[in-house]
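For this chain, numbers begin at 1 and follow the sequence in order.
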Amino acid sequence: MFGAAGPDHVVLFPASDEELAEHVYEHLFGNGAPGTVILVASAEHRRLIADRMARGGIDVAAEWARGSFVALDAAETLASFMVAGWPDAAAFWRTLSPVLKRARARPGEVRVFGEMVAQLWDAGQTGAAVDLEALWNELARQYTFSLLCAYPADADNPAEHIDDISHVQAAHSAVLRGPKRI
């Protein structure tokens, strides 16, 4: 997942929760076992992804106990650094730097799945989602990791969000199942 230009930062627009879980599993484990996996997702998506991991032969409890699997609640994590509806850069770093520092201290790659941007998007805070993408990119310059972000499949309403979608896509190294255009 690491290229010459640095770590990947991929965006996904899944059509279903099952598609999301499959793409996340492939991102996290498709190229062999990473050093550390970090999920920042809703409770429902953490469950779906953990179920997919188990079907793939991964003992989630054992990985958790070893410290090679970290699961954070997206809403709680987001609440820890949002100020007046916008991500606060210093609070974002205080929240996520320790997690990534611990992960980088372990051998192997670090792969992250995050859907905090989806929660912002769903709440109508599309500009805040774009700002959060920029913060992730800054963090990736400090701590090398591969990041997969997910947005709602309907995040591509050109009439309302064409500029924000363009910014979202520009913040990523690749688009999986890119938004459909009407």
Side-chain angles (χ1 to χ4, degrees), residues 1-14 20 23-24 27-28 30-31 34-42 45-46 49 67-152 155-156 161-179:
M1 295 301 283
F2 292 85
D8 287 337
H9 183 181
V10 179
V11 63
L12 170 66
F13 296 88
L20 172 88
H23 275 289
V24 171
H27 172 77
L28 299 176
N31 292 343
T36 304
V37 166
I38 302 168
L39 294 181
V40 187
S42 68
H45 288 160
R46 289 193 316 272
I49 294 163
S68 58
F69 176 70
V70 177
L72 304 172
D73 183 79
E76 290 173 12
T77 305
L78 193 58
S80 72
F81 62 79
M82 293 296 288
V83 176
W86 292 93
D88 177 80
F92 173 81
W93 278 73
R94 280 192 306 273
T95 299
L96 291 166
S97 287
V99 175
L100 286 161
K101 185 176 183 178
R102 281 189 301 274
R104 291 299 312 148
R106 298 179 49 79
E109 295 180 6
V110 175
R111 297 183 191 176
V112 180
F113 167 68
E115 66 177 355
M116 294 182 292
V117 290
Q119 293 185 358
L120 290 170
W121 198 276
D122 281 342
Q125 296 173 278
T126 58
V130 171
D131 282 3
L132 182 53
E133 295 290 6
L135 290 174
W136 275 116
N137 284 335
E138 278 183 40
L139 196 62
R141 285 190 272 285
Q142 177 74 28
Y143 304 100
T144 304
F145 57 91
S146 179
L147 174 62
L148 173 65
C149 299
Y151 281 81
D156 62 339
H161 304 295
I162 190 71
D163 289 337
D164 288 328
I165 284 292
S166 294
H167 291 299
V168 164
Q169 290 184 345
H172 294 85
S173 59
V175 177
L176 297 178
R177 217 185 101 69

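- The structure places CG of Asn137 at 8.0 Å from CG of Leu147, a figure rounded to the nearest 0.5 Å.
- Residues that satisfy the salt bridge (Lys or Arg N to Asp or Glu O under 4.0 Å) test with Asp73, not counting sequence neighbours, are Arg46.
- In this structure, Glu115 contributes its side chain and Ala74 its backbone to no donor-acceptor pair below 3.5 Å.
- Scanning all heavy atoms of the two residues, the minimum distance from Leu135 to Pro87 falls at CD1-CB, 3.7 Å.
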Chi angles and distances behind the side chain to side chain contact (heavy atoms under 4.5 Å, CB included) call for Leu28, Leu148: CA-CA 9 Å; Leu28 299 176; Leu148 173 65; over 6 Å; no
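- Side-chain atoms of Phe113 and Leu20, non-hydrogen and from C-beta on, do get closer than 4.5 Å to each other.
- Taking each heavy atom of Ser68 and Arg106 in turn, the nearest pair found is CB-NH2, 3.3 Å.
- Side-chain contact check for Leu96 versus Leu72: some heavy-atom pair is nearer than 4.5 Å.
- Smallest separation of non-hydrogen atoms from Ala118 and Ala150: CB-O, 3.2 Å.
- Of the inter-residue distances, the one linking Glu109 atom CD with Ser146 atom OG reads 7.0 Å to the nearest 0.5 angstrom.
- The side-chain heavy atoms of Met82 and Leu120, taken from C-beta on, include a pair separated by under 4.5 Å.
- If you take CD on Glu138 and CD on Gln142, they are separated by 10.5 Å, rounding to the nearest 0.5 Å.
- Here CD of Glu76 is found 12.0 Å from CE of Met116. Values are rounded to the nearest 0.5 Å.
- A heavy-atom distance below 4.5 Å is not found between the side chains of Phe145 and Ile38.
- Residues passing the side chain to side chain contact (heavy atoms under 4.5 Å, CB included) test with Trp86 are Ala128, Asp131, sequence neighbours excluded.
- Using a 4.5 Å heavy-atom cutoff, the side chains of Leu78 and Leu132 are in contact.
- The side chain to side chain donor-acceptor pair (under 3.5 Å) pairs that include a residue from residues 90-99 are Ser80-Thr95, where partners are two or more places apart or lie in different chains.
- Residues Ile49 and Leu39 approach most closely at CG2-CD1, 3.8 Å, considering heavy atoms.
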